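These numbers come from a predicted model, not from an experiment.
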Amino acid sequence: MSSSLRLLSSRCLSAASKSNAFGSGSARQLSSMGASTPSFLSASPNAYAPPVRYQSTASEKAKVKAPPMVYISGEEMTHYATQLLLSQWIEPHFDTSAWETYDLSCRSRDDTDDQVLADAVAAGKRIGAIFKEPTITPSAVQVQEMGLKKAWGSPNGAMRKGWNGITISRDTIHIEGIELGYKNQVLFERHAVGGEYGAGWNEVGEGTLLTTYIPSDGGAPFVVDKRDLTDKHNVCVVYHNPYDNVRELAHLFFKRCLEQNVTPYIVTKKTVFKWQEGFWATMKKVFDDTYKDDFLKAGLLDRSGGELQHLISDAATMQLIRWTDGGFGMAAHNYDGDMLTDQIAQVHRSPGFITSNLVGRSDDGTTLIKEFEASHGTVTDLWLDHLAGKETSLNPLGLVEALLGAMRHAADLELEANPKDRNAQQMHDHVNNFSDTLRTALHNTFRYGQGTRDMSGPTGFTTEDFVAKVAWRLNRYLAQQIEEQAPPELKEEDLAVPAEKLSEFDQKAILKLFEKYDKSGGGEDRLQELFEDADEDGSGPEEELMIYSRHLD
């Protein structure tokens, strides 16, 4: 009852004054209220203030300062689209001045001799939250077309090494009510380091190839592999798989599978590549020691015979096509993970419908470093159409999921660093609410048949119109939230009535005015409750009435 009575504002006092409800004659107390009831217009030293300060109105465009984050810009169509959604979805609501931006376009890398990549990696290690637009790894042809000094390598290797990469998480994105590929969540953990991506190689002729290991502790060197090369033309490749972080990968994977209620599988080719046995053995030990009981209790091992199952990579490729109900997760080596997640993307419509998040750890091991990007490239074909003045229709779902993921991780890190700071908590809550609201606005736009052309056919929205439509819906949803929240902080000390002035007011006339606005009924009894409620929380009746009128309106 008290919450419904916390209402009637300064406009009531003003209206009463204008209608002469407050007479200048002697005061007439309402006998039914009793002598102990506080006067209706008792002066209060403290105006009503809600426990949380809410954003007042959408029109004020009050911005929240976004926590520090590294923003890595790329090029072509995805860079253009990301700038659109930043200007219309993010910047109207956030002050992004704490973000550090690094341009990893081919031209920027060439002009700085790749110093910009080193700077971006250092910033990512320092800050811990990174968003990356798709970038180009130039081919020999592109080197000539762009007039570059050299074919700069993929920046991903430097990032994974610099951020002590553990895994690349690639998960399906779902829009409720729209069938894409997999009906339920599919998770994937791809070992972030090792394998062919860091290989050393050379072209050689006939001869002998020795791979020799020299221990760092001064132990005796030994030959890992020796082979005679009898062909006149050979390519020799040497690489390794670091396994120190596989335990941490296992913990990340199994925790996520439990959170998402999916069945875990481990994928290798260990029947042929015997050296992969260690990956499987480590994953299984962590599972059996720490997680098996939880998975059994949740019923998540029913489909796998009550055990953690191993899948040969060949079999995994077939199951990815068959298991379209989803509800499973896989973990694999670097290269296998790369190939298998591309297959998941095709089953689930396109690479735009899966995430790609690198998870690493700070040098001291205390903080998770997370980099978020879309799993697709720069979409060159649409960029060429855009440059030619043609309409384009790029679906930005993967881009915005990556951006929101980076913003949320940045907010998590800020709160972890300042757990008792009220501003950090409010910022964290704001970022999470905003990302949920933007995701709802984005998904609803698709659901209402207003999507891009990959989803809605030839009549779908262009790139620009889709971004504008989502912006309109986002602003509307945020405005609705503001209207539904508690009122903003009020400062009405100047409206409190001094005790010496109370004798000037006719409280019976005030009751008449109260009944006029009391649309829920109750009249004098509800006015009595209002006074009692004011006594309980210490606020003055004028503040209680101030809020009451807001409710009646």
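The side-chain heavy atoms of Gln142 and Thr137, taken from C-beta on, include no pair separated by under 4.5 Å. Under the 4.5 Å side-chain criterion, counting only non-hydrogen atoms from C-beta, Val70 is not in contact with Arg126. For the pair Gln343 and Ile321, the minimum side-chain heavy-atom distance is below 4.5 Å. Counting heavy atoms from C-beta on, the side chains of Asn241 and Phe279 never come closer than 4.5 Å. Taking 4.5 Å as the limit, every side-chain heavy atom of Ile344 sits out of range of all side-chain heavy atoms of Arg170. Inter-residue side-chain proximity for Val64 and His93 is flagged as unmet; no heavy-atom pair is nearer than 4.5 Å. Taking the side chain as every heavy atom from C-beta outward, Thr355 and Ser169 never approach each other to under 4.5 Å. For the pair His443/Glu176, no side-chain contact is recorded, criterion being any heavy-atom separation below 4.5 Å from C-beta on.
Between the Arg107 side chain and the Met146 main chain, a donor and an acceptor come within less than 3.5 Å of each other. Asn234 places a side-chain N or O within 3.5 Å of a backbone atom of Asp231 that can act as its donor or acceptor partner. Side-chain N or O atoms of His409 include one that pairs as donor or acceptor with a backbone N or O of Leu368 at under 3.5 Å. Although no hydrogens or angles enter the test, the distance criterion places no donor-acceptor pair under 3.5 Å between the side chain of Thr135 and the main chain of Leu104. Asp364 places a side-chain N or O within 3.5 Å of a backbone atom of Thr366 that can act as its donor or acceptor partner. In this structure, the side chain of Ser356 does not engage the main chain of Ser375 through any donor-acceptor pair within 3.5 Å. With Trp163 contributing its side chain and Lys370 its backbone, the two residues share no donor-acceptor pair below 3.5 Å. Lys149 contributes a side-chain N or O that, together with a main-chain N or O of Asp110, makes up a donor-acceptor pair within less than 3.5 Å. A donor-acceptor contact shorter than 3.5 Å links the side chain of Thr341 to the backbone of Asp338. Judged purely by atom type and a 3.5 angstrom limit, Ser362 uses its side chain to pair as donor or acceptor with the backbone of Thr367.
Atom CD of Glu373 is separated from atom CZ of Phe131 by 9.0 Å, given to the nearest 0.5 angstrom. Separating the CG atom in Leu148 from the SG atom in Cys106 is a distance of 5.5 Å, to the nearest 0.5 Å. Annotation: the span from Glu277 atom CD to Lys269 atom NZ amounts to 14.5 Å, rounded to 0.5 Å. Here the straight-line distance linking atom NZ of Lys292 with atom CG of Asp294 works out to 12.5 Å at 0.5 Å rounding. Atom CZ of Phe372 and atom CE of Met407 lie 12.0 Å apart (nearest 0.5 Å). In this structure, CD1 on Ile173 lies 9.5 Å from CG on Leu180, to the nearest 0.5 angstrom.
Between Tyr182 and His174, a ring centre-to-centre spacing not shorter than 6.0 Å is recorded. Ring centroid separation for the pair Phe94 and Trp99 does not come in under the 6.0 Å cut-off.
Side-chain atoms of Glu259 and Gln185 include no donor-acceptor pair closer than 3.5 Å. A donor-acceptor pair shorter than 3.5 Å can be found between the side chains of Tyr80 and Glu464. Side-chain atoms of Thr268 and His333 include no donor-acceptor pair closer than 3.5 Å. Between the side chains of Asp336 and His191, not a single donor N or O lies within less than 3.5 Å of an accepting N or O.
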Practice task
Could you walk me through whether Trp89 and Leu442 pass side-chain contact (heavy atoms from CB on, under 4.5 Å), step by step?
Solution key: CA-CA 10 Å; Trp89 299 356; Leu442 181 65; 3.9 Å; yes
Exercise for the section: Please lay out, stage by stage, how Arg408 and Asp436 fare under the test salt bridge (Lys or Arg N to Asp or Glu O under 4.0 Å). Expected result: CA-CA 10 Å; Arg408 291 182 79 134; Asp436 290 342; 3.0 Å; yes
Exercise for the section: Carefully, step by step, assess Phe295 and Leu308 under the rule side-chain contact (heavy atoms from CB on, under 4.5 Å). Expected result: CA-CA 9 Å; Phe295 276 90; Leu308 176 66; over 6 Å; no
Handout entry: Audit row: Tyr291, Val286, side-chain contact (heavy atoms from CB on, under 4.5 Å) steps and yes/no
Key = CA-CA 7 Å; Tyr291 298 99; Val286 171; 3.9 Å; yes
Exercise for the section: Output, in order, the C-alpha distance, side-chain angles, deciding distance and verdict of side-chain contact (heavy atoms from CB on, under 4.5 Å) for Glu100 and Tyr71. Expected result: CA-CA 6 Å; Glu100 296 185 18; Tyr71 187 105; over 6 Å; no
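Listed here is the closest heavy atom pair of Val359 and Leu252: CG1-CD1, 4.0 Å. Contact record, Pro67 with Ala98: C-CB, 4.3 Å, taken as the closest heavy-atom pair. A pairwise comparison of heavy atoms in Ser73 and Asp103 identifies OG-CA, 3.3 Å as the closest pair. Shortest non-hydrogen contact noted between Ser97 and Lys65 is OG-CE, 3.6 Å. Thr263 approaches Ser304 most closely through the heavy-atom pair CG2-OG, 3.8 Å. Closest heavy-atom contact between Pro419 and Glu416: CD-O, 3.5 Å.
The environment of Arg303 atom CZ is dense: over 12 non-hydrogen atoms of other residues, nucleotides or ligands sit within 6.0 angstrom. For CG of Asp244, the number of neighbouring non-hydrogen atoms (other residues, nucleotides, ligands) closer than 6.0 Å is 12 at most. Lys183 NZ: 12 or fewer foreign heavy atoms inside a 6.0 Å radius.
For the ring-ring contact (aromatic ring centres under 6.0 Å, His included) criterion with Phe287, the lone passing option out of Phe254, Trp280, Phe253, Tyr265 is Phe254.
Using a 4.0 Å cut-off between a side-chain N of Lys or Arg and a carboxylate O of Asp or Glu, Arg160 and Glu371 do not qualify as a salt bridge. The pair Glu189-Arg256 meets the salt-bridge criterion, since a charged nitrogen lies less than 4.0 angstrom from a carboxylate oxygen.
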Run the side-chain donor-acceptor check on residues 200-216: report pairs under 3.5 Å with partners two or more places apart or on a different chain.
from: Glu203; atom 1: OE1; to: His233; atom 2: NE2; distance (Å): 2.7
from: Thr208; atom 1: OG1; to: Asp228; atom 2: OD1; distance (Å): 3.1

Which pairs would a plain distance check flag for residues 377-396, meaning a side-chain donor or acceptor within less than 3.5 Å of a matching protein atom at least two apart in sequence or in another chain?
from: Thr378; atom 1: OG1; to: Glu76; atom 2: OE1; distance (Å): 2.6
from: Thr380; atom 1: OG1; to: Glu76; atom 2: OE1; distance (Å): 2.7
from: Glu391; atom 1: OE1; to: Arg453; atom 2: NH1; distance (Å): 3.4
from: Glu391; atom 1: OE1; to: Arg453; atom 2: NH2; distance (Å): 2.8
from: Thr392; atom 1: OG1; to: Thr463; atom 2: OG1; distance (Å): 2.9
from: Ser393; atom 1: OG; to: Arg453; atom 2: N; distance (Å): 2.8
from: Ser393; atom 1: OG; to: Phe461; atom 2: O; distance (Å): 2.7
from: Asn395; atom 1: OD1; to: Leu397; atom 2: N; distance (Å): 3.0
from: Asn395; atom 1: ND2; to: Asp454; atom 2: OD2; distance (Å): 3.0

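Because its NZ or CZ atom is both nearer than 6.0 Å to the ring centre of Tyr197 and within 45° of the ring axis, Arg190 counts as a cation-pi partner of that residue.
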